[in-house]
Amino acid sequence: MSLPAPDAETLRQQLTQALTPAAREVLALAIERAAALQLPLYLVGGPVRDALLGLPIVELDLVVEGDAWLLAEALASATDGRLTQHAAFRTATVALEHQGQPLTIDVVTARRERYPAPAALPIVEPATIQEDLARRDFTINTLALRLLPDGDVVLLDPFNGREDLARRRLRVLHDASFEDDPTRILRAARFVARLELAVVPHTRRLIDAAVRQELLLRTSPPRLLNEIWLLLDEPAPERALALLHTWNALPQLGLSWSPSIFTTFPAARRSLAPQLLPQVYLALLWLAMTPAARQAFGERYNLPAWARTLARELPQLLALPLDRPLDAVALEALLRRFPVALLHALALSSPATIQANLRRYLDEIRPLPPLLSGEELRALGIAPGPTYGRILRALRQAQLSGMITTRDEALAWLERLRDDEHAGSCYDPSRHSEV
Ligand code: CTP
C-alpha cells in the first residue's frame, strides 16, 4: 500500500521549517531569477529528503532544465556570492553570506548519465528532470520539488522514494548502480548509519556482488578518498565503518576493522572540538592498523599535508617511553612537536599510564602560556641571538617544575640573571632556574 500524496500546503510547510530564514530568502530569489530566465527549477535530492524527515536543510541542491550557469551567475551577482563553475558537467556552486550566515547553493543542469565502463566517470548530456532523477543512487535521493514562480511546490517522486523514506529503507534504482559507481557502497553506509535505514535485501545482494567483484579496487583513489573524508565527517562514522566491515568492503578501501572504535569515536566526540574530529578519527583508525597497512594507505592515497604529517609522526609517537610516570618537563620535551590530533587519538586508545601522561600534557601543560616571549626579551633590551632560546627554555623548565609561576617572578629571575652576567659570571640559565 503506497503512501497518500502530500498536499502542496504540507510540502510547503515542511520545506519552510527545514530552511533557515536566510536560506528561505535566497531560495525565493532563485525562484524569481529562474522564472526571469525561463528555466524550470527544482530542489532535488538531499534537501527534499531531509525536509520530509523534518531535518534541517544544510545545502541547497538546485536543478534546472536548461543552462545551470545562467542561473548560478544571476544568483551570484544578486547576492554578491562567490561563483565556482565546473566545466566538466556544467555545474556551479554559489557560496554566499546572507543575514550573516554562510550558505552554499549547488546549481546543476538536469542531465542523463552513461557509464562507459564500471567505476569510470560518466558521460553526461543535458536531459529532463525525470532522466536526472533516474541517474541517481538511491530512491530516497530521487525526490524533487518543482519550485513554481508563484511560490507553489509540486513533488516529483518517480521511484517511490517517499515511501522508502517513511519506512526507512535504502534501495537502489537499478541493478547496475554499484557497478556504475562503486563509491555508492560508501554512500550507502553513510545514509544507512546517519538516517537509521535498513538496506532492502536485493540492494544488499548487489552490494555483496560489487564487493565480491572488488569494484572498489577499480575506483580512482581520489574519489575513494573524498568518500572517506565525507564518511569521517558523519555524526557517527563508526556506524558507517561497521557496516562497511559487515559488507567486507573495508580491506578494499585499505582500512582495517577494530571494534574499539565503538568506544573511542564517541569518546572523542564527547571531549573534542568538532573541527578536530576527522583528524582524530583517522589517527584512531591508523592506530588500530598494522604499520604495513598504514604505509600502504599512505602510498595509495594522495593525502593532504595534515594527514601526511599524522602518518609520518605516528610511528615516532608510538616509539616514545610513555608507559612510565613522567614529569612535566619531560612530557613537554617529548610531546611538544606532535600534532594534537595524534596525541588525543593515542590518549583515547591507550592503557592508563600512557593515557595519564598524554592527558596531563594535553590538559595541563600544553595550555600553560609561556611567562615571557622573545618579543618581551627584546623589549627588555636583551640582544637577539641564541641566548633567547636558552633563556626561554630555562624559564619554561622552571615554570613547569613549579619554581617560577608568575610573570613578575619571571622578570625578577631575568633581572638576577642579567646582574650575574654583568658581574662576569658564566651564563648558565639552568643554575638560575633552580633558585
Ligand atoms: N548522487 C548519486 N551518486 C553519487 C553521488 C551523488 O546518485 N555517487 C546523487 C544523489 O541523488 C544525491 C545527489 O547526487 O542526492 C547529490 O549528492 P550529494 O550532495 O553528495 O548527496 P546528498 O544526498 O545531498 O547527501 P548529503 O546529505 O550527504 O549531502
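Whatever order the structure lists them in is the order used to number ligands and atoms, beginning at 1.
For ligand 1 and Gly46, the ligand atoms under 4.0 Å from any heavy atom of the residue are 15 (O), 23 (O), 24 (O). Taking a cut-off of under 4.0 Å to the non-hydrogen atoms of Arg194, the atoms of ligand 1 that pass are 26 (P), 27 (O), 28 (O). Set against the non-hydrogen atoms of Arg190, the atoms of ligand 1 under 4.0 Å away are 28 (O).
In the model, Glu73 has a side-chain atom that pairs as donor or acceptor with a side-chain atom of Gln85 under 3.5 Å. For the residue pair Asp106 / Thr93, a side-chain donor-acceptor distance below 3.5 Å is found, with atom types taken as modelled.
Ring-centre distance between Trp257 and Phe262: below the 6.0 Å cut-off.
Residue contacts with ligand 1 leave out Phe138, since none of its heavy atoms falls under 4.0 Å from the ligand.
Within the 4.0 Å heavy-atom criterion, the part of Asp181 lying near ligand 1 is the side chain and not the backbone. Residue Thr183 touches ligand 1 through its side chain alone, judged by heavy-atom distances below 4.0 Å. With a 4.0 Å cut-off on non-hydrogen atoms, Asp61 touches ligand 1 through its side chain and not its backbone.
Using cut-offs of 30° and 60° for the angle between ring planes, the Trp229 and Trp306 rings count as tilted.
Residues Arg111 and Glu125 are not paired through a salt bridge, judged by the lack of any N-O separation under 4.0 Å between the basic side chain and the carboxylate.
Checking only distances, Asp50 never comes within under 3.5 Å of ligand 1, N or O to N or O.
No side-chain donor-acceptor contact under 3.5 Å links Asp61 to the backbone of Gly45.
For atom 29 (O) of ligand 1, the nearest protein heavy atom lies 4.0 Å away or farther.
Comparing Arg49, Glu59, Glu227, Arg187 by heavy-atom distance to atom 6 (C) of ligand 1, the nearest is Arg187.
A pairwise comparison of heavy atoms in Leu303 and Ala307 identifies CB-CB, 3.9 Å as the closest pair.
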